[in-house]
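Report on the structure given below.
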Amino acid sequence: MPSLYGVIEKRNRAAYHLKTIERTITEFLNGNTFLVETKGEPERGIYHAHLVGPPKLPARELAVMIGDCVHNMRSVLDYIA
């Protein structure tokens, strides 16, 4: 019977990346203040809202972690299939 060690480790690594992604996003949201500016055209029923001076999201760091997480889960799914 083949060993499932590699599959289990891939799943564990994906879970690790997912927790890190969630922690990074939570820290970003809790560690920053977001100022929202609104403008409206009530006569037309249109309202606009946008962030003023939004903080920089750690996009590259998140992109790498998300890519690793997805790759590891895809490897697990390949094994199952």
Side-chain angles (χ1 to χ4, degrees):
M1 182 142 123
S3 170
L4 296 178
Y5 176 77
V7 176
I8 292 168
E9 287 305 310
K10 288 280 188 184
R11 184 194 54 85
N12 290 344
R13 192 66 179 163
Y16 169 80
H17 285 307
L18 184 58
K19 286 180 184 174
T20 304
I21 292 164
E22 290 171 343
R23 186 179 69 244
T24 301
I25 291 171
T26 299
E27 288 172 359
F28 175 79
L29 293 175
N30 291 338
N32 290 293
T33 301
F34 300 93
L35 178 60
V36 178
E37 184 177 278
T38 58
K39 294 180 183 176
E41 299 177 47
E43 64 281 355
R44 293 180 55 201
I46 298 174
Y47 297 89
H48 305 274
H50 68 275
L51 291 176
V52 177
K56 186 165 172 29
L57 180 71
R60 286 185 180 166
E61 179 181 318
L62 283 171
V64 170
M65 286 187 283
I66 291 168
D68 287 346
C69 182
V70 170
H71 175 75
N72 284 320
M73 286 309 296
R74 182 180 179 274
S75 295
V76 171
L77 291 172
D78 282 347
Y79 183 84
I80 292 169

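Just the heavy atoms: all of them, side chains too, but no hydrogens, waters or symmetry mates, feed the values below. Along the sequence shown, residues carry numbers from 1.
- With sequence neighbours excluded, the residues forming a side-chain contact (heavy atoms from CB on, under 4.5 Å) with Leu35 are Val52, listed by chain and number.
- Sorted by first and then second residue, the side-chain hydrogen bond (donor to acceptor under 3.5 Å, both in side chains) pairs with a member in residues 38-47 read Glu41-Arg44; sequence neighbours excluded.
- Other residues sharing the hydrophobic cluster of Ile66, ordered by chain and number and joined by side-chain separations under 4.5 Å: Ile21, Ile25, Phe28, Leu29, Phe34, Val36, Leu51, Leu57, Leu62, Met65, Val70.
- In this structure, NZ on Lys10 lies 9.0 Å from CG on Asp68, to the nearest 0.5 angstrom.
- Remark: Arg74 engages Asp78 in a salt bridge (Lys or Arg N to Asp or Glu O under 4.0 Å) (not counting sequence neighbours).
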Which side-chain N or O atoms in residues 13-20 pair as donor and acceptor under 3.5 Å with protein atoms at least two apart or in another chain?
unit_1, atom_1, unit_2, atom_2, d
Thr20, OG1, Tyr16, O, 2.9

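- Here Glu27 pairs with Arg23 under the salt bridge (Lys or Arg N to Asp or Glu O under 4.0 Å) rule; sequence neighbours left out.
- Ile80 and Leu4 fall within the same hydrophobic cluster, defined by Ile, Leu, Val, Met, Phe, Trp and Tyr side-chain heavy atoms under 4.5 Å apart, directly or through other members.
- Counting heavy atoms from C-beta outward, Glu61 and Thr24 have side chains that approach closer than 4.5 Å.
- In plain terms, the two heavy atoms of Thr33 and Pro55 that are nearest each other are O-CD, 4.5 Å.
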